[in-house]
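Here the structure is a predicted model, which is why all the values come from computation and not from measurement.
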Amino acid sequence: MIAQENEHDILKKRADSHHGAVVWRRIFEITPGFLSWFLLLAVAFFALTDPIPAAVFVICFYLFWFFRLIYMTILLVASYVVLARERNTNWIERCRDLNNVSVAIKRAQERLSKHEEEVKHAQRTREKVPITRRLHSETAYLRRLEHLAQTTEQPFDFRSIYHVVLFPNYREDIHILKSALSSLRETNYPLERLIVVVAFEEREGEAAHAKADELSREFKEIFFNLMTSFHPDGLPGERQVKGANATWAAKKVMEFLNEEKIAFEQVLVSCFDADTRVGKEYFGCLTYNFLIRPNRLHCSFQPIPVYHNNLWQAPAFARILETGSSYWQLIESANPDHLVTFSSHSMSFQALVESGFWPVDMISDDSAIFWKCFLHYKGNYRAIPMSATVSMNIIIGKNWLDTFRRIYVQKRRWAWGIENFPMVMLGFLETREIPLIEKARHTLKMLESHVSWATWGLMLTLVGWLPVLFGGREYGFSVVSYHLPRIAQMIFNLATVSMLISAILSFMIVPKRPARVSRFRNLSFAFQWLLLPLILPVLLALPALDAQTRLMLGRYLHFEVSRKV
């Protein structure tokens with residue numbers, strides 16, 4: 001009788017615990033959308049009923065964004081400078097140097113002295129800038145080597161590192177996949193250390209098998225191994241999402257590594273979109289960043305995504321959006337303590353296995369895997385920014401309207417990353433080992449970034465002007481009515497300067513114009529930034545608000561594949 005009562009108590013506690021988790025999950029699902037709508041509706045309500053407090057709030061909001069815009073512009077320029085100075089770095093050579101750090105320090109000191117002499121000699125020549133970049137690059141590299149020499153743990157020999165490259169896809173054009181694999185073939189890294197996996201969905205049918213056969217015939221002998229996998233549809237606990245396909249493929253890779261007796265800690269896995277093209281030095285840069293980290297197995301590595309594959313064919317509003325996405329990632333990379341993996345990313349295969357692979361029921365698998373690892377390792381996990389880019393496609397539809405719709409759907413899917421918030425909050429409640437201050441920092445960062453995403457474009461362009469439009473006579477004679485337009489003008493003047501800086505950087509990053517593209521196409525690159533005030537509320541704020549509202553109401557989003565051209 002006592003045993004039965006104990007069993008009953010255990011079952012009851014489990015049921016109560018499950019019920020509590022469901023309640024807390026719903027609270028956390030509601031919170032971001034509630035905050036966004038509360039902020040927008042509160043300003044609109046007071047603008048109609050009591051405009052002076054609403055105007056005071058808008059002024060405070062404008063001042064906040066005045067300082068934030070300065071901060072973001074500084075970070076953008078600083079991150080671009082770091083990216084530019086490492087553009088021509090031979091990362092494989094640096095990986096070789098790590099086999100003997102003391103010898104590498106002497107070589108770096110010699111190169112640094114040589115570059116210093118070149119700078120002095122060429123101060124008034126056109127070679128001043130690139131030489132200065134090499135000088136800064138070598139200085140940073142020497143500091144890293146000196147720091148590494150003081151640590152007790154020596155890095156691996158880079159020749160022992162294998163790279164697994166996953167391309168989960170569904171109904172992608174064969175030319176898109178061939179282009180991605182061809183970029184791997186051109187990398188400055190030993191191809192016998194690359195294990196490439198093209199992960200198809202079984203529900204695609206015979207077309208997937210035909211593409212797998214064609215890719216195998218063309219690329220089978222190039223890499224250490226070219227694998228193809230076919231993810232079954234309808235497995236228990238899964239949804240039709242990219243993470244389920246990637247997880248199925250990664251488990252096939254795990255079996256292969258065990259057969260080949262390759263240790264997981266010597267393997268880096270990169271999960272790429274089907275259209276991702278890597279630069280020539282990508283894997284060298286990734287390997288170097290992996291080897292120099294004392295806590296290398298507890299790190300993800302985040303390159304800068306750029307959307308250059310079909311840049312010259314995309315309409316202006318699509319280009320400006322994706323350029324903004326690249327800029328945002330540059331800004332985030334300047335603050336690694338808050339960096340979370342996004343889109344194409346890399347990580348230790350051992351960490352992937354120990355954390356339980358990508359989630360099979362979530363759309364935002366790229367950021368969710370970071371948080372899974374963060375919770376699994378009790379906060380001892382971080383994302384490392386890389387001075388390397390990966391290039392992807394801009395979404396292009398049949399016409400401008402179709403392109404607009406497809407981009408809206410894509411941005412809403414990106415904003416659906418807010419689905420991580422309930423998962424992370426529940427993990428924080430269950431994990432006592434993570435310090436409270438660390439939990440608070442990440443919680444505020446997630447809420448601030450997503451609520452800002454959904455509101456600040458609307459506040460700056462629409463809602464913030466409601467007190468002016470509906471203020472009435474009493475408001476017109478107030479001090480607030482005098483200051484609000486002037487502060488708004490100050491904000492927009494600074495935004496113009498920031499926009500000009502962004503436009504200049506976009507010309508410096510953009511790839512060389514193809515011969516078949518008219519020279520007049522460059523003009524559209526200059527004037528595309530004028531579309532920014534229209535794009536902010538429509539294709540940035542609204543998709544984010546849409547995603548948060550769906551999560552708040554429990555109308556969960558379904559994964560929709562972005563068609564590549």
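Ring pair F230/H209: centre-to-centre distance below 6.0 Å. For Y62 and F57, the ring centers are positioned 6.0 Å apart or more. The aromatic ring centres of F404 and W400 sit 6.0 Å or more apart. F374 has its ring centre less than 6.0 Å from the ring centre of H442.
Using a 4.5 Å heavy-atom threshold, the side chains of L321 and I535 count as touching. Side-chain contact between S346 and L268 is absent, with no heavy atoms from C-beta onward closer than 4.5 Å. In this structure, M72 and Y327 have side chains that are not in contact, with every pair of non-hydrogen atoms separated by 4.5 Å or more.
Between the side chains of T549 and W37, at least one donor-acceptor pair of N or O atoms lies under 3.5 Å. Between the side chains of N420 and S367, a donor-acceptor pair is found at a separation under 3.5 Å. Between the side chains of Q240 and H558, not a single donor N or O lies within less than 3.5 Å of an accepting N or O. Between E201 and H231, the side chains place a donor N or O and an acceptor N or O closer than 3.5 Å (distance only, hydrogens not considered).
Residues in residues 532-552 take part in these salt bridge (Lys or Arg N to Asp or Glu O under 4.0 Å) pairs, two or more places apart or across chains: R412-D546, D546-R550.
Note on ring orientation: taking the six-membered ring where Trp is involved, the planes of W456 and W65 are parallel (angle under 30°, cut-offs 30° and 60°). Aromatic ring pairs are classed by plane angle as parallel below 30°, tilted from 30° to 60° and perpendicular above 60°; the pair Y556 and W416 is perpendicular. Taking the six-membered ring where tryptophan is involved, the planes of F64 and F61 are tilted, since the angle between them lies from 30° to 60°.
The line from CG of D366 to OG of S300 is 10.5 Å long, rounded to the nearest 0.5 Å. Separation of atoms CG (L286) and NE2 (H345) is listed at 11.5 Å; rounding is to 0.5 Å. Summarising the geometry, atom CD1 belonging to I501 is positioned 8.0 Å from atom CG belonging to L76; distances are rounded to the nearest 0.5 Å. R68 contributes atom CZ, which lies 4.0 Å from atom CD of E448 (distance to the nearest 0.5 angstrom). One distance of note links CG of L166 with CZ of F272; it measures 9.5 Å at 0.5 Å rounding.
The pair E218-K178 meets the salt-bridge criterion, with a side-chain N (NZ, NE, NH1 or NH2) lying under 4.0 Å from an Asp/Glu carboxylate O. With salt bridges taken as basic N to acidic carboxylate O contacts below 4.0 Å, one links D402 and R406.
Residues forming a side chain to side chain donor-acceptor pair (under 3.5 Å) with K211 (at least two apart in sequence, or on another chain): E204. For S391, the side chain to side chain donor-acceptor pair (under 3.5 Å) test picks out N309, with sequence neighbours left out. Remark: K242 pairs with D273 by the side chain to side chain donor-acceptor pair (under 3.5 Å) rule, at least two apart or across chains. Judged as a side chain to side chain contact (heavy atoms under 4.5 Å, CB included), and not counting sequence neighbours, the contacts of I222 are R185, L191, F219. With sequence neighbours excluded, the residues satisfying side chain to side chain contact (heavy atoms under 4.5 Å, CB included) with A415 are W453, A544, A547.
In this structure, P467 and P51 approach most closely via the heavy-atom pair CB-O, 4.0 Å. Across all their heavy atoms, A180 and T276 have their closest contact at CB-O, 3.4 Å. Heavy-atom minimum distance, V463 versus A44: CG1-N, 4.4 Å.
Both tests do not hold together for R171 against F200: distance to the six-membered ring centre under 6.0 Å, angle to the ring axis within 45°.
Under the ring pair (Phe, Tyr, Trp, His ring centres under 6.0 Å) rule, F342 has a single partner from W414, F301, W328, which is W414.
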